[in-house]
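Structure record follows, encoded as structure tokens.
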Amino acid sequence: MIEIKMPDDAELAAARERFAELSESRTLLDGVAKAQPTAISAGRLYAHAVAPNPVPDTALDAALEGNLALRRVYRGYLAGAAVYRLGEVIAASTEQIPPRRGDGCRITVEPSQAEAGQYIVILELDGGGEGARAAPGTLLLCDRDDRCFRFALPSPHRGVIQFIVTAEDPILPLLRDPRTEALLR
Amino acid sequence: MTAFAIFVMTTGGLVQIQRITRERAPLSMMVLGRGSERLPVSERYDDFVYPGGGPVERFLGPFPDGGFRLEVSGPIDSGDSWQLAAFIAHAVLAAEDCSLCREVEEADKIVCLTGLVDFDGAVGGVGHIPEKLHAVEARLREWVAGGVAPLLAVPRGADHERLLNADPPEGVPILAAANVGELCQHLGIALASVEPTSEPVSGKPKRRWPYAALLFVLAAGTVLLFSQTPSNDVADIKAPLPAPKVVSISPPPPNPEVKPDAKPAPKPRMPGNDAAKPSVSRQAVNAIPLPSKLPALGVIERHAPPGQGCAQIYFGQAEADTRPVPLAAPGRFKSSGGDSLCGILLRIELGGEELYAMVALDIEEGRLVGALRPPPDLSGRRLVTGRRDWALDLPHRIRGDRGIVRYRLTLTISDRPIRAGQGEDAGQRRSISLRHEVLP
């Protein structure tokens with residue numbers, strides 16, 4: 001039979017005090033850890049940037065959201081892997097969404113004539129898209145805060161990629177902003 | 001006005017073609033309803049309506065810049081059996097006295113179709129007819145019970161036989177379609193053959209409808225030697241633009257707002273051998289009879305008179321001898337040439353009714369002096385009437401090098417100002433196009 005010796009009052013008070021100290025220190029350490037950004041290696045960032053269809057990575061997304069330097073590096077990787085760059089906005093345009101001209105391609109947005117609240121995004125590839133460059137499958141839009149967004153593209157036909165979006169689509173405010181950089185790959 | 005409800009027979013049931021509109025976008029799209037979902041068959045549909053690619057533009061065009069948006073009631077994921085229904089829907093859209101309706105209750109005629117349509121308008125087989133009939137049978141019976149007799153149209157031949165063997169519902173007329181011309185005629189949709197303007201058709205065999213040939217012969221007999229009118233264009237049937245009128249045979253007035261003269265024009269003359277014709281004097285050039293249908297385009301050669309050179313013509317020191325150029329084929333004028341040829345005069349006859357007109361000159365080979373200076377009021381933005389002449393000179397270099405000059409002249413008229421990229425605001429448009437070449 002096991003006999004347990006119960007602590008006396010002094011020992012019990014000391015145990016309570018010790019437990020409180022440990023608990024407090026653990027809480028403090030946990031808080032510090034949560035406040036620290038996740039360490040993202042350059043390799044992980046690069047692999048995510050150049051992957052055609054990257055696996056969702058919430059830790060990386062969170063790190064990008066909170067770290068401007070990381071976003072700039074990520075944007076640099078994206079730009080390096082792009083097939084087309086459409087940085088230039090045709091500034092003289094008076095249209096609501098300015099057309100963009102890049103090396104070998106052009107992007108315009110036309111309001112639908114048939115349905116109010118719908119817009120047609122038109123990507124025209126020079127030479128019918130039959131040059132040496134691969135047909136793009138993703139449109140990347142990087143805003144003024146270096147946040148980059150991916151939009152999957154349908155396959156080109158006769159050198160044109162065309163799709164319809166509604167007025168609420170997040171692509172429209174990005175294309176409307178002349179400071180947004182557009183990349184294709 | 002006959003309202004049509006057009007359905008595609010698919011193995012998944014009936015899919016209605018609800019609306020066709022124009023969009024300011026290069027590719028035509030097939031869209032699910034009024035939404036923004038572009039169906040996977042959109043690329044095939046674009047090929048079907050694209051100029052030079054499919055029968056729609058060939059039979060019902062030319063169309064202004066931009067693509068179509070064809071709205072369907074349900075998804076069509078693959079295959080091409082929607083082509084016959086899409087063609088008929090476009091024909092309904094083009095016909096003046098027909099309309100496409102979204103609500104079946106508003107339809108005067110319900111037509112359910114399946115079949116391919118090739119570049120010549122021939123209807124091709126598709127297969128899976130029993131499955132398609134099974135999928136649509138209940139709907140057909142509902143309509144028949146409601147006192148409406150929908151028409152089924154399938155390709156002639158094996159598909160038609162399979163449909164008959166599959167025990168179709170009673171009271172549903174079945175049509176075996178061989179080509180779109182016959183089908184449109186049966187449905188009461190006005191569809192005139194369009195000679196493929198002046199573009200040579202690639203190696204495919206040409207099939208023309210008998211009445212199209214008759215139309216062409218009649219048209220050829222009534223146009224002038226030097227004019228190309230849209231009389232053989234399907235747009236001529238649908239467009240309520242200025243009716244052909246006769247205007248006075250007089251020099252072009254400085255004021256474009258000329259009033260038509262009631263004096264009838266002389267009968268058109270049949271073409272002859274222009275080489276054997278005597279030169280027509282400068283004074284006579286304006287007395288060339290007008291074509292019987294307007295607007296029209298004509299080409300007049302400007303030759304140096306005997307003992308004079310082209311320099312005298314260019315600098316106004318001598319009057320050019322003018323010779324009208326006859327048509328060699330629809331949309332194509334007989335080639336010009338000769339040592340004395342200094343230039344050409346493009347004559348645009350617009351008639352007495354005010355309209356918007358835009359002229360475009362595409363130089364395909366060589367060079368013409370003055371090609372960048374069309375008559376200023378033919379920009380498509382002003383109402384114009386009467387006649388316009390556009391003088392073009394052959395450059396010395398080209399004449400010296402014995403080079404060839406080839407060009408295409410296109411006149412577009414409309415009841416509204418003409419601007420590029422207009423969608424439904426384009427109004428009623430017609431285009432006339434001609435080709436001509438100056439040989440070395």
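None of the values given here were measured: they were computed from a predicted structure. Chain letters run A, B, ... following the sequence lines, proteins first, then strands; residues in each count from 1.
- Between A:His48 and A:Tyr74, the ring planes lie tilted relative to each other; the angle falls in the 30° to 60° range.
- Contact annotation for A:Pro111: only backbone heavy atoms (N, CA, C, O) come within less than 4.5 Å of a heavy atom of chain B.
- Nearest heavy atoms, A:Leu141 versus A:Ala182: CD2-CB, 3.5 Å.
- Ranked by heavy-atom pairs under 4.5 Å with chain B, the first of A:Ile120, A:Thr108, A:Val165, A:Thr166 is A:Ile120.
- Both the backbone and the side chain of B:Arg34 have a heavy atom closer than 4.5 Å to some heavy atom of chain A.
- Classification of A:Arg179 and A:Asp143 as a salt-bridged pair fails, no side-chain N sitting under 4.0 Å from a carboxylate O.
- Using bins of under 30°, 30° to 60° and over 60° for the plane-to-plane angle, the ring pair B:His90/B:Phe63 lands in the tilted bin.
- With a 4.5 Å cut-off on non-hydrogen atoms, A:Gln162 touches chain B through its backbone and its side chain both.
- Ion pairing of A:Arg75 with A:Asp145 is absent here, as no side-chain N (NZ or NE/NH1/NH2) approaches a carboxylate O to less than 4.0 Å.
- Counting heavy-atom pairs closer than 4.5 Å to chain A, the top residue among B:Ala25, B:Gly66, B:Gly35, B:Ser36 is B:Ser36.
- In this structure, chain A has no heavy atom under 4.5 Å from any part of B:Glu37.
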